[in-house]
Engineer: 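The structure is given below, and queries will be raised subsequently.
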Amino acid sequence: MSLRRDALFILGLFAVLVLFIVFGPARQPALPEATPTTHSTADQGAQALYEWAGQMGYHANRLEYQDYAIDEQSDALVILSPS
């Protein structure tokens with residue numbers, strides 16, 4: 001009786017191990033490292049925010065590839081994924 005119980009216990013542990021290998025975190029696809037940008041319409045993109053601000057009557061500007069400076073006419077600044 002004890003031998004049968006031990007065999008079932010070992011078989012159960014083996015089944016749990018197999019299920020972990022099949023459905024564990026290593027089998028799930030890794031998400032790409034996406035940085036939000038106003039040039040992208042992907043899930044992590046912010047182009048809709050940029051266009052929406054323009055449609056609301058705001059003059060939206062992208063501060064990229066230039067010295068960081070905000071003119072006196074700016075009322076708000078949105079920083080996406082600062083590093």
Side-chain angles (χ1 to χ4, degrees):
M1 186 83 162
S2 178
L3 182 62
R4 184 177 174 175
R5 185 183 66 199
D6 291 345
L8 286 175
F9 181 72
I10 291 173
L11 185 63
L13 286 177
F14 183 72
V16 169
L17 177 64
V18 168
L19 289 174
F20 182 76
I21 290 172
V22 171
F23 296 110
R27 289 290 181 182
Q28 296 178 4
L31 297 174
E33 292 294 323
T35 55
T37 174
T38 58
H39 297 284
S40 175
T41 58
D43 290 343
Q44 296 293 322
Q47 185 174 2
L49 175 65
Y50 180 79
E51 292 177 3
W52 176 69
Q55 291 173 359
M56 295 291 289
Y58 296 102
H59 182 66
N61 287 332
R62 294 179 174 114
L63 296 175
E64 55 189 2
Y65 308 116
Q66 61 186 357
D67 291 336
Y68 177 77
I70 302 173
D71 58 15
E72 293 178 7
Q73 298 170 348
S74 298
D75 293 324
L77 173 66
V78 177
I79 300 176
L80 304 174
S81 186
S83 57

Engineer: Rounded to the nearest 0.5 Å, what separates atom CG in D6 from atom CG in L11?
Structural biologist: 12.5 Å
Engineer: Side chains of Q55 and E51: any donor to acceptor distance under 3.5 Å?
Structural biologist: no
Engineer: Transitively linked via ILVMFWY side-chain contacts under 4.5 Å: I70 with I79?
Structural biologist: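 They do share one cluster, since a chain of ILVMFWY contacts under 4.5 Å joins I70 to I79.
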Engineer: Same cluster or not: V18 versus L13, using hydrophobic residues (I, L, V, M, F, W, Y) connected whenever any side-chain heavy atoms lie under 4.5 Å apart?
Structural biologist: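 Different clusters.
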Engineer: Rounded to the nearest 0.5 Å, how far apart are CD of Q66 and CG of N61?
Structural biologist: 8.0 Å
Engineer: Should H59 and Q73 count as side-chain neighbours, where that means a heavy-atom distance under 4.5 Å?
Structural biologist: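 A side-chain contact under 4.5 Å is absent here.
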Engineer: Given the rule that I, L, V, M, F, W and Y join up when any side-chain heavy atoms are under 4.5 Å apart, are Y58 and Y50 in one cluster?
Structural biologist: no
Engineer: Starting from L77, can I reach L49 by hopping between I/L/V/M/F/W/Y residues whose side chains sit under 4.5 Å apart?
Structural biologist: no
Engineer: Mind checking side-chain hydrogen bond (donor to acceptor under 3.5 Å, both in side chains) for D71 and listing every partner two or more places apart, or none if nothing turns up?
Structural biologist: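 With sequence neighbours excluded, D71 shows a side-chain hydrogen bond (donor to acceptor under 3.5 Å, both in side chains) to S74, given in chain and number order.
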Engineer: How far apart are the closest heavy atoms of Q47 and H39, and which atoms are they?
Structural biologist: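 Closest approach of Q47 to H39, heavy atoms only: OE1-O, 3.7 Å.
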Engineer: Where is the tightest heavy-atom contact between T38 and L80, given as atom of each residue plus distance?
Structural biologist: CG2-CD1, 4.0 Å
